[in-house]
Amino acid sequence: MTESVVKVRDLDLVYQSGNEAFPALSDIELEVGAGEVLGIVGESGCGKSSLSSALLRLLPPNGRITRGHVFYKDLDLLEIPETRMRQFRGAELAMIFQDPLTSLNPTFTIGTQMRDVQRAHGGGSLSRAQIYRRSVEMLEQVGMPDPEDRLRSYPHEFSGGMRQRIMIAVALMLKPGVLIADEPTTALDVTLQAQILSLLRGLCKEEGTATIFISHDLGVVAQICDRVMVMYAGRVVESADLFSLFDEPLHPYTRALLRSIPSRNRRGSRLVSIPGRVPSLSALPSGCKFVNRCPHAQDVCRATEPRFLDIQGHRVRCHAYDSSSGFRDAGVVTADRFGD
Amino acid sequence: MDARSATGVLGVLRRVLARPSGLFGLLVVATLLVTAVFAPEIAPYSAGAQNIVMRLQGPSIAHLMGTDHLGRDILSRIIIGTRVELGLAVPAVLVALALGLVVGVAAGYLGGILDDCMVVLMDATQAFPAVILGLALLALVGPSLKALGLVIAVAFSPQYGRVARASVLKLRQEPFIEAERALGASNKRIMFVHVIPNIIAPLFILSAMNVPSAIAIEAGLSFLGLGVQPPTPSWGVILNDGFNRVREFPWPVIWVGLVLIITTLGFTLLGESLRDTIDPRLAGTRGGA
Amino acid sequence: MSMEGKKAPRAEARDLCVHFGQRAAGFAKFTGRRAPVVHAVDDVSLEIGPREVVGLVGESGSGKTTLGKALLRLVPVTSGQVLFDGDDVSHSRGDQIRQFRRQAQMIFQDPHASLSPRLTISQLLEEPYRIHRIPEEDRTSVAHLLETVELSSELANKYPHELSGGQARRVGIARALALHPKLLIADEPTAGLDVSAIGNILNLMNDIKDEYGISYLIITHDIGVVEYIADRLAVMYLGNVVEVGPTERVLDDAAHPYTRALLSTVPKPDPRRKDGHAPSLLPGEIPSPKNPPSGCRFHTRCAYSDNGLCRTVMPKQEWVDESHAVYCHRWRTVRG
């Protein structure tokens, strides 16, 4: 069991709107070890983007973390001043986004941008030659042909796939301990996506970077992650290692998600879909947030929020697995396995 | 707040009133409109009622703004003048809007050579300073309210044309236009039902901001004696009358000046508030089924 | 099935080419400037039968959306033909094309952007009838149309921006159905939808197909969708169809190297697949449609390309079996 590089405990995040505080994240718990890839999966409105913003403390003005800890190697990032946090961002904590075009400054060459990042974190200690060499090295690592030449090009001169590689190069250039990848391949063609995923996984394993990979695509997550965490309405509802989650999903939401993916096996039969919609933050049900859409909902689910249980390393937030919750006939839920 | 009221007329109104500038603008414009419509009823005296004995009096209880060189009540003349001003400026600006809209939409939607010609036409018209254009035309046809209105309409129309054209060019790429074409809609239908309603809001805002400019042009030309002719009490005429004696009796100039300032401020602030509230109106929800 | 011989397919593209920028290019030759022509669709032949669901897959630059629009005559035909029920509609105008529009409709990719923002849902659903001046008694009521797509009639007075993405998409489907078309072309029907909502839309499309006997062309980059719902599968690359055949045949026994690479790189929600099955990663990136490679357009990235034929000659249609066609010089080697 590798030691955790990132550890989040009891994290709560609210968005302030007028007099009301909307709970965007509640009771978030996660851990990522060196070289490990944690996938965060969820649909729109589940809070995964809020989570990545919270980890880097890049919240909008109306966002407030009201509880919890974000540990980076024993240091609680929520307790340090912003000036110190800024030193961490880019150097120890890196992030890549969905659209590389908007993350790169169109008016500077990529060589300049890579140099600026190094200078901002290395101070005056790096010589021009060192900076240049590191930039070329990183571009080679991400598979860019003619890296020395391309340092002089502008972002718009590259294709989408190349830009994504540049973003990865910039992110990993300073050998961060943590990389947060927010839907990095969603906008890419599928053949390109495969290349980028393979690259990303390889680099992270090689450098021992703890990686948090956020996606709505369970297929992508299955390809690249070691552990997976499922989010719904700002909460973690299930968290397990990759095979356990896909082979034996415990939470009804996870099961429904997996069943609703169209594929060859389901030809001729109706696809499962989850009735209702993700509740908006202003109208969250009391008790379990999935209660209005869950085929197994009972009174206890409406009354109290389930605890985040640990079943031999496989964590789930559901009353059906909590023997002390008063959930009746739990066998029905546990028997409703995913399998076809 | 339910989504519909956010974009409906009431919603917009509410948001405009929420800001002090919007509130001020709306009050001013509303007051002016009411004054213009009910001018003869509001004015304490008739615009032409002379009373030589009372000439050149400063503000008093009987004459809140004083009297001019012919003993006429200045306040009444300004009130009636409001009707003249708005009666000229508002229709002229609306005609400019209509003219610009037609040209701009045709140019933007149909494109090609028509577009090129229209653009040249708009540019040429806009290159002429409105006042000079006015002077030339009025010198030709002789000063009259109608001619003045026409000048203002023509001078302002290129602005609307350009905004309309730019909006149409952007809108033309929108999927819903293609969707209507896929349904079989004719170009005419698309222009009237789908394009114009979507581009007209900025044009209305522009017209709110243009009204004071139109009034200023009138005031200027009438001041020069080329616009409205006395005894019709337009603000420019009052200015002109008052200017001859401004050293000894500045009141007409002061009052008209103040009214012009407040009018310009009011319309402009209203226009800006409207623009600020309507622009970021991009409500939309996505995600579930 | 029938003794009368093969009936005309519902929709057909024959040697269809759609090129953009021709006029600018012509003018450019005169001025000496470069103005590349985009070969969006080149020499494509494809049929869609009655009551058939054809899936059209490809990546960016493949031309799949342009092909879909060409079949509906929403883009001009540069050369070749577009036929509907046997009639050539390649250059129709006026009344002819208006009649055609009643029979073939499109469901657009961006659900909100394809609904006119200032009209209510009710007005949007009445547009098709107004456009074609269809008398009251022949119209389907707004309530009924909404019911068909499982939406509440309460939405009738709302505006598009007040609807969720899924609801807007359904309105788009309802609108496309209003004229009772025989063909529906769906452009990325599941893009942007949450996973849990995809099932709803696909189930709905299936129900509609069964009830109204409509043919579909489903344009998508999501292989899972076509795996699930398509009878036949056509794969496009850089403006050409490279392979087409019954879905299961193409999935099991793809003959074109691009199809095989594409199918193997699609990420499946199955963690074991990655271990035992290394995806054949295609080198490089998709070339620009402004400057497609010579000969077989895929040859620059193809592991099987020889330096002769593949580089110089565009492959012609060859038959793997009676219903499965491929456009590749070396398909026999590829299949092993």
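Within every chain, numbering begins at 1; the chains are lettered A, B, ... in the order of the sequence lines, protein sequences first and strands thereafter.
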- prompt: Between C:M106 and B:E178, is a side chain to side chain contact (heavy atoms under 4.5 Å, CB included) present by the stated rule, with each step listed?
  reply: CA-CA 10 Å; C:M106 189 151 191; B:E178 193 174 38; over 6 Å; no
In terms of heavy-atom proximity below 4.5 Å to chain B, should [X] be classed as side chain, backbone, both, or neither?
| X | value |
| --- | --- |
| C:I107 | neither |
| C:R98 | side chain |
| C:L74 | both |

- prompt: In Å and rounded to the nearest 0.5 Å, what is the CG to CD distance from C:L124 to B:E180?
  reply: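 Output value for this atom pair is 7.0 Å.
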Using every non-hydrogen atom in the two residues, find where [X] and [Y] come nearest and quote the distance to one decimal.
| X | Y | result |
| --- | --- | --- |
| C:R101 | B:R181 | NE-O, 3.1 Å |
| B:L183 | C:L179 | O-CD1, 4.3 Å |
| B:A179 | C:R175 | CB-NH2, 3.3 Å |

query: For B:A182, does its backbone N or O pair with a side-chain atom of C:Q105 as donor and acceptor, under 3.5 Å?
result: yes
So [Y] and [X], do their side chains get closer than 4.5 Å, heavy atoms only?
| X | Y | value |
| --- | --- | --- |
| C:E127 | B:R189 | yes |
| C:S116 | B:N198 | yes |
| C:R118 | B:H194 | no |

- line: Residue from C:I97, C:L115, C:V195 scoring the most non-hydrogen pairs under 4.5 Å with chain B is C:L115
